[in-house]
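A quick write-up on the structure given underneath.
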Amino acid sequence: MLIENIEKLIDENGSTLIIKERFMLLKDQLIAYDKELTGCRKKVSALADMICYLESEIQNLNLENFTFTENMEKLHSPDPHDYQCNLCGSIKLKRIESTFQETFGRFDAKNAFFICLDCGKEKVIKIDPPK
C-alpha cells in the first residue's frame with residue numbers, strides 16, 4: 001500500500017528529476033528577472049537625476065523669460081522711464097502731450113504731460129534735452 005501511494009504521488013507530481021528541472025528553470029528565471037530589476041533601478045535613478053536637471057533648467061528659463069518679458073513690456077510701455085503718479089504712486093502713466101519750453105524752442109527742455117492709467121490724474125514732467 002505504501003509503494004502504491006508513492007507511485008501515485010510520483011505519477012501525480014512527476015519524478016524528482018522533473019521537479020528539480022522545474023526548480024532550476026524557475027531559479028534561472030528569477031535570476032534573469034533580478035538582473036532586469038537591477039537594470040531598471042539604475043535607469044530610474046538616472047531618469048530621476050535627469051528630471052531634477054530639467055526642472056532646474058525650466059526654473060532658469062522661466063526666470064529668463066520673466067526678465068525678458070519685463071524688459072519687453074518696459075520697452076513698449078507708454079512711460080519707459082517709470083515716472084510715478086503723485087496721487088496713487090502708480091507707474092502706469094501714459095504720455096498724452098509734449099511741448100517745448102519757450103526759451104530756446106527745440107533746444108530747450110520740454111514739458112511732458114502724462115495721465116495716470118490707474119487714477120486718471122494728470123502729471124507734468126520736465127524732460128531735459130539730451131546732452
Side-chain angles (χ1 to χ4, degrees):
M1 175 104 158
L2 184 60
I3 295 176
E4 290 175 3
N5 284 339
I6 292 173
E7 285 178 355
K8 184 178 177 187
L9 282 173
I10 289 172
D11 289 340
E12 287 176 2
N13 296 318
S15 70
T16 55
L17 185 60
I18 294 173
I19 292 173
K20 188 176 181 181
E21 286 177 9
R22 288 182 184 167
F23 277 130
M24 294 303 286
L25 286 173
L26 288 173
K27 183 180 174 186
D28 291 343
Q29 285 180 339
L30 182 62
I31 290 170
Y33 287 145
D34 187 51
K35 286 181 182 178
E36 187 177 341
L37 181 61
T38 303
C40 288
R41 285 184 178 147
K42 288 179 183 177
K43 287 180 184 177
V44 165
S45 177
L47 290 172
D49 291 343
M50 184 181 284
I51 287 171
C52 287
Y53 170 75
L54 291 174
E55 285 175 343
S56 70
E57 282 294 309
I58 287 171
Q59 287 178 341
N60 291 339
L61 289 172
N62 282 340
L63 180 62
E64 190 177 316
N65 187 34
F66 177 76
T67 305
F68 178 75
T69 304
E70 241 181 16
N71 289 338
M72 287 299 295
E73 285 176 359
K74 191 167 185 150
L75 286 174
H76 294 296
S77 168
D79 174 26
H81 302 288
D82 289 337
Y83 298 125
Q84 288 187 334
C85 176
N86 293 341
L87 183 65
C88 69
S90 172
I91 60 169
K92 295 180 181 175
L93 299 177
K94 181 178 181 182
R95 184 182 292 197
I96 52 176
E97 182 181 357
S98 292
T99 59
F100 289 102
Q101 291 184 347
E102 310 252 337
T103 314
F104 295 108
R106 291 189 174 268
F107 300 106
D108 205 355
K110 61 181 167 178
N111 291 326
F113 296 88
F114 292 88
I115 188 165
C116 177
L117 298 176
D118 286 337
C119 69
K121 183 178 182 205
E122 287 189 16
K123 177 176 180 145
V124 179
I125 298 172
K126 178 183 170 186
I127 301 176
D128 291 324
K131 300 192 182 210

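Remember, it's a predicted structure, so these values are computed and weren't measured experimentally.
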How long is the span from the [atom1] atom in [X] to the [atom2] atom in [Y], to the nearest 0.5 Å?
| X | Y | atom1 | atom2 | value |
| --- | --- | --- | --- | --- |
| Asn62 | Thr69 | CG | OG1 | 10.0 Å |
| Glu70 | Asn65 | CD | CG | 11.0 Å |
| Glu55 | Glu57 | CD | CD | 11.5 Å |
| Asn60 | Ile58 | CG | CD1 | 10.5 Å |

Pairing residues for [X] by the side-chain contact (heavy atoms from CB on, under 4.5 Å) criterion, not counting sequence neighbours:
| X | result |
| --- | --- |
| Glu64 | Leu61 |
| Leu37 | Arg41 |
| Tyr33 | Gln29, Glu36 |

Under a single-linkage rule joining Ile, Leu, Val, Met, Phe, Trp and Tyr whose side-chain heavy atoms are separated by less than 4.5 Å, which residues share a cluster with Met50?
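Members alongside Met50: Tyr53, Leu54.
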
How far apart are the closest heavy atoms of Cys88 and Asp118, and which atoms are they?
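It is SG-CB, 4.2 Å.
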
Can you name the closest pair of heavy atoms from Cys116 and Cys119 and give their distance?
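Heavy atoms of Cys116 and Cys119 come nearest at SG-N, 3.4 Å.
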
Do Ile31 and Lys35 have side chains that get closer than 4.5 Å, going by heavy atoms?
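Heavy-atom side-chain distance check passes, below 4.5 Å.
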
